[in-house]
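Quick caveat, the model's predicted, so the values are computed rather than measured. Within every chain, numbering begins at 1; the chains are lettered A, B, ... in the order of the sequence lines, protein sequences first and strands thereafter.
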Protein chains: 2
Amino acid sequence: MSLRHALLALLDAGPMTGYELAKQFDTSVAYVWNAPHSQIYPELRRLEALGMVVAEDLPRGTHGVKRAYSLTTDGAAELVRWVVEVETPARPRDAAYLKATYYEYGSFDDARRQFREHRDHYRLLQDHWQRHVTQLERRETVLLRQRLALADEAARSAIAAYKVHTYEGLVERAKAEVAWAERGLDLVDRLQRDTVVAHDEPTARPHVALGTTGPPLGR
Amino acid sequence: MSLRHALLALLDAGPMTGYELAKQFDTSVAYVWNAPHSQIYPELRRLEALGMVVAEDLPRGTHGVKRAYSLTTDGAAELVRWVVEVETPARPRDAAYLKATYYEYGSFDDARRQFREHRDHYRLLQDHWQRHVTQLERRETVLLRQRLALADEAARSAIAAYKVHTYEGLVERAKAEVAWAERGLDLVDRLQRDTVVAHDEPTARPHVALGTTGPPLGR
DNA sequence: TTACTCATGTAAGTAGTTACATGATTCC
DNA sequence: GGAATCATGTAACTACTTACATGAGTAA
């Protein structure tokens, strides 16, 4: 249940509305944890019911109202509890790698397309993450500044350093994915050189048991 | 919806019962995609209803029956369609990295514990994946042998090579995670050297807005 | 007879996705 | 007046988790 804790952590930088929180999930936090507003608003209501945040109704314009949420001591305690807690890691579930295991069902060109998409995707992510590292190092992000302004002198370097370390790790991860995809492209070239299969023909076909054409009942 | 396709791919090696499929998810496939039997049995029934697999009732012992599933042509077509399709990558959702962004809420010792757990976890995974690579290279896994036996001469090297490449990628990934955790441990040492904070004291504390101790209404 | 593996399910709950829905404010 | 942004929700659905439930077969 990390959405909850991501929200609590964001609110530690200061009161925010659901809309502002959702924007954070679209920008800075987005590349570590992603959540749509349809998940955020109900979760804020739950956190409020649990006493972990309090909402203040703020006027906007003449008729409008918005709700700014802030951390309570209970919310702060839950945030600390979560950070200290050692969780059992989530079970692996990687659609791209699962699929890569079965690229032989497509043609060499199909495999190449997949690897290229993978490479391009992680190049973009690498760029995003790298940018974020730079911003953190220069203390350019609003959220980090707010956190640093509220923090003890002694804590400041650690607050920034952990964030930099995390995003640097993500940059390394992205680089590894790009390298994997590039090695994949080389592999496809090698496989094709060693075979007579046309570049746009499936390399292998699934094996269907005889007489199992599926029920003629229609589906 | 990769569970479906993982099942179809596994069934391409030959007919299997739900139980046998679940075992595959506990062993070989487990470190790429994981699914409990409570998810597998209903999905097999759905695939049957869609005509993508057919079930055969096999006797076991004197009274027992078991259902062995095999691919239909529709199932095989769906498998190929999935492999060729380019999917939009899943939104990032990494609980460990999200938490690492906020290690300052714990003590230096807490951060060290987290990094050590991370390192140890990925060392184990690296080992599992490395073993699997070796087994694939030696053609020792049952599933791979069955696939190779059914396949064209020309396709054989590709079938094995894609799998080896995938698991080698996972090994690299695990190494990167171990390295990240080790750099994290170094970082904690450096941070501690530069500070007066005791090793078991929180580095920073969440900032609670004044007067927001939570509703006294109880929760 | 006891313990283990084989075998197949259901049920309740949580988390996440996608789409629908509405209205105010601000800036051009 | 219209478009973009601010702002807050609901509803239906899918995927996954955890726990409950049951029973046959096999080997010590």
field: Residues from residues 28-39 of chain A lying under 4.0 Å of DNA chain C - heavy atoms
entry: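 Per residue number, the list reads A:Trp33, A:Pro36, A:Ser38, A:Gln39.
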Neighbours of DNA chain C within residues 78-89 of chain A, by heavy-atom distance under 4.0 Å: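 Going residue by residue through residues 78-89 of chain A, none turns out to have a heavy atom under 4.0 Å of DNA chain C.
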Round to a whole Å and report the spacing from [atom1] of [X] to [atom2] of [N].
X	N	atom1	atom2	answer
A:Asp94	D:dA15	CG	C1'	17 Å
B:Arg60	D:dG25	CZ	C1'	6 Å
B:Met1	D:dC13	CE	C1'	12 Å
A:Leu44	D:dT10	CG	P	12 Å
B:Lys66	D:dG25	NZ	P	12 Å
B:His5	D:dA15	NE2	C1'	14 Å

statement: A correct dot-bracket answer for DNA chain D, with pairs being Watson-Crick or G-U at under 3.5 Å, [ ] for crossing pairs and | for inter-strand pairs, is ||||||||||||||||||||||||||||
field: salt bridge (Lys or Arg N to Asp or Glu O under 4.0 Å): pairs with one or both residues in residues 23-38 of chain A, sequence neighbours excluded
entry: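 Sorted pair list comes back empty.
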Salt bridge (Lys or Arg N to Asp or Glu O under 4.0 Å) pairs, two or more places apart, involving residues 160-174 of chain B: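 Of all non-adjacent pairs touching residues 160-174 of chain B, those that pass salt bridge (Lys or Arg N to Asp or Glu O under 4.0 Å) are A:Asp94-B:Arg173, A:Glu104-B:Lys163, A:Glu177-B:Arg173, B:Glu172-B:Lys175.
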[atom1] of [X] to [atom2] of [Y]: how many Å apart, nearest 0.5 Å?
X	Y	atom1	atom2	value
B:Thr72	B:Met52	OG1	CE	7.5 Å
A:Gln114	A:Leu185	CD	CG	11.0 Å
B:Lys99	A:Thr166	NZ	OG1	12.5 Å
B:Leu50	B:Glu78	CG	CD	9.0 Å
B:Tyr19	B:Tyr41	OH	OH	8.0 Å

Quiz: residues 134-144 of chain B side-chain donor-acceptor pairs under 3.5 angstrom, not counting sequence neighbours:
| residue | atom | partner | partner atom | Å |
| --- | --- | --- | --- | --- |
| B:Thr134 | OG1 | B:Gln130 | O | 3.0 |
| B:Arg139 | NE | B:Leu136 | O | 3.3 |
| B:Thr141 | OG1 | B:Leu144 | N | 3.2 |

query: Relative to the ring of A:Tyr31, is the ring of A:His128 parallel (under 30°), tilted (30 to 60°) or perpendicular (over 60°)?
result: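 Plane angle under 30°, so parallel.
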message: Classify the ring geometry of A:Tyr103 against A:Phe115: parallel below 30°, tilted from 30° to 60°, perpendicular beyond 60°.
response: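 Answer is perpendicular, since the angle exceeds 60°.
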Of all pairs that satisfy ring-ring contact (aromatic ring centres under 6.0 Å, His included), the ones with a partner from residues 53-80 of chain A, not counting sequence neighbours: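 Found none.
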- request: For A:Glu43, check salt bridge (charged side-chain N to carboxylate O under 4.0 Å, His left out) against everything at least two apart and list the hits.
  value: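 Partners of A:Glu43 by the salt bridge (charged side-chain N to carboxylate O under 4.0 Å, His left out) criterion, ordered by chain and then number, come out as A:Arg4, A:Arg46.
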task: Could you list the residues that satisfy salt bridge (charged side-chain N to carboxylate O under 4.0 Å, His left out) with A:Arg205, not counting sequence neighbours?
output: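 Result, salt bridge (charged side-chain N to carboxylate O under 4.0 Å, His left out) vs A:Arg205: A:Glu201.
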task: Would you classify A:Arg46 as touching base, sugar-phosphate or nothing, given that sugar-phosphate means primed atoms plus P, OP1 and OP2, and contacts are heavy atoms under 4.0 Å?
output: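 The residue A:Arg46 makes no contact with any strand.
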Are any non-hydrogen side-chain atoms of [X] and [Y] less than 4.5 angstrom apart?
X	Y	answer
B:Glu87	B:Glu85	yes
A:Leu8	A:Val53	yes
B:Tyr97	B:His118	yes

- request: Mind listing the residues from residues 12-24 of chain A sitting with a heavy atom below 4.0 Å of DNA chain D? Number order is fine.
  value: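 Under 4.0 Å from DNA chain D: A:Thr17, A:Gly18, A:Tyr19.
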Distances for protein N/O vs nucleotides 26-28 of chain D N/O pairs under 3.5 angstrom?
none

message: On DNA chain C, does the nearest nucleotide to A:Thr62 precede the nearest nucleotide to B:Tyr69 from the 5' side, or the other way round? Give the residue.
response: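 The residue mapped nearer the 5' terminus is B:Tyr69.
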field: Lys/Arg-Asp/Glu bridge criterion (N-O < 4.0 Å) met for B:Asp127, B:Arg123
entry: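 Result for this pair is no, no salt bridge flagged.
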message: Under 4.0 Å from a heavy atom of chain A: give me the 5'-most and 3'-most nucleotides of DNA chain C that qualify.
response: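 So the outermost contacting nucleotides come out as C:dA15 to C:dT25.
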query: Between B:Tyr105 and A:Asp12, does any side-chain donor sit less than 3.5 Å from a side-chain acceptor?
result: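 Yes - a donor-acceptor pair under 3.5 Å links their side chains.
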